Amino acid sequence: MPPYDPPLSGDALLDAVTDAMVALHQRYHHRKPVTAKTRLLGDDLLVCVMGGVYTDVEKTMIEMQRSTIVQETRSAFQNAMQKRFIDQVERLSGREVLAFISNHHVGPDIEIELFMFAPSPSLADAWQRETDSGR
């Protein structure tokens with residue numbers, strides 16, 4: 001996907017990522033999460049936390065003590081979907097995602113999408129200068 005023109009930052013980026021993650025959840029799980037928020041931790045770690053993510057079928061399976069099946073199915077689905085999640089964040093932020101980690105929890109009912117960005121060019125240059133000076 002082409003980058004968002006221009007790349008977003010600050011609250012606009014956080015809101016857009018939240019909206020994108022909610023839209024993907026709604027498209028593929030046929031329901032919106034009850035809550036959703038996105039935060040940037042430092043310059044390189046973006047996290048979206050969604051609550052109330054489980055479908056009625058998944059909730060029934062959890063009530064029947066079959067949460068392992070729900071977790072395995074969700075994990076397999078998140079692996080299959082990771083490119084779509086990464087593409088959305090890269091398009092919105094204009095930054096490369098180095099790593100994507102997705103996980104969910106049964107009690108409380110939450111899902112976490114974690115994106116680690118590649119260093120921005122200015123940070124990469126600073127890191128390289130620091131590394132070079134330490135030789």
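Worth knowing before you read on, the calculation uses all heavy atoms, side chains too, and leaves out hydrogens, waters and symmetry mates. What you are looking at is a predicted structure, and each value in this text was computed from that prediction instead of being measured.
Using a 4.5 Å cut-off on side-chain heavy atoms (C-beta onward), Leu8 and Arg91 make no contact. Two residues are said to be in side-chain contact when any heavy atoms from C-beta on lie closer than 4.5 Å; Val49 and Val47 meet this criterion.
Counting non-hydrogen atoms of neighbouring residues, nucleotides and ligands closer than 6.0 angstrom, the NZ atom of Lys59 exceeds 12 such neighbours.
Using a 4.5 Å cut-off between side-chain heavy atoms of Ile, Leu, Val, Met, Phe, Trp and Tyr, with links allowed through other members, Phe77 and Met61 fall into the same hydrophobic cluster. By the rule that hydrophobic residues join a cluster once side-chain heavy atoms approach within less than 4.5 Å of another member, Met50 and Val106 end up as members of one cluster. A single hydrophobic cluster is not seen to contain both Val97 and Ile112; linkage of ILVMFWY side chains at heavy-atom distances under 4.5 Å, directly or through other members, places them apart.
Nearest heavy atoms, Ser93 versus Val89: OG-O, 2.7 Å.
With sequence neighbours excluded, the residues satisfying side-chain hydrogen bond (donor to acceptor under 3.5 Å, both in side chains) with Thr55 are Glu58. Residues passing the ring-ring contact (aromatic ring centres under 6.0 Å, His included) test with Phe100 are Phe85, Phe115, sequence neighbours excluded. Scanning for side-chain hydrogen bond (donor to acceptor under 3.5 Å, both in side chains) contacts around Gln78 gives Ser102, Glu113, with sequence neighbours left out. With sequence neighbours excluded, the residues forming a side chain to side chain contact (heavy atoms under 4.5 Å, CB included) with Leu98 are Glu96, Ala118, Pro119, listed by chain and number.
With rounding to the nearest 0.5 angstrom, the CE atom of Met116 is 5.0 Å from the CG atom of Asp44. The CD1 atom of Ile101 sits 10.5 Å away from the CD atom of Gln82 when rounded to the nearest 0.5 Å. Here the straight-line distance linking atom OG of Ser67 with atom NE2 of His105 works out to 10.0 Å at 0.5 Å rounding.
Between Lys83 and Asp87, at least one side-chain N (NZ, or NE/NH1/NH2) sits under 4.0 Å from a carboxylate O, which counts as a salt bridge.
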Steps toward side-chain contact (heavy atoms from CB on, under 4.5 Å) verdict (Leu46, Leu114)
CA-CA 6 Å; Leu46 184 76; Leu114 184 68; over 6 Å; no

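Annotation: ring-ring contact (aromatic ring centres under 6.0 Å, His included) contacts involving residues 34-76, sequence neighbours excluded, are absent.
Judged purely by atom type and a 3.5 angstrom limit, His104 uses its side chain to pair as donor or acceptor with the backbone of Gln71.
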Considering only distance and modelled atom types, tabulate donor-acceptor pairs under 3.5 Å from the side chains of residues 12-26, sequence neighbours left out.
{"from": "Thr18", "atom 1": "OG1", "to": "Leu14", "atom 2": "O", "distance (Å)": "2.9"}
{"from": "Thr18", "atom 1": "OG1", "to": "Thr38", "atom 2": "N", "distance (Å)": "3.3"}
{"from": "Thr18", "atom 1": "OG1", "to": "Thr38", "atom 2": "OG1", "distance (Å)": "2.6"}
{"from": "His25", "atom 1": "ND1", "to": "Arg31", "atom 2": "O", "distance (Å)": "2.9"}
{"from": "His25", "atom 1": "NE2", "to": "Val53", "atom 2": "O", "distance (Å)": "3.4"}
{"from": "His25", "atom 1": "NE2", "to": "Arg74", "atom 2": "NH1", "distance (Å)": "3.4"}

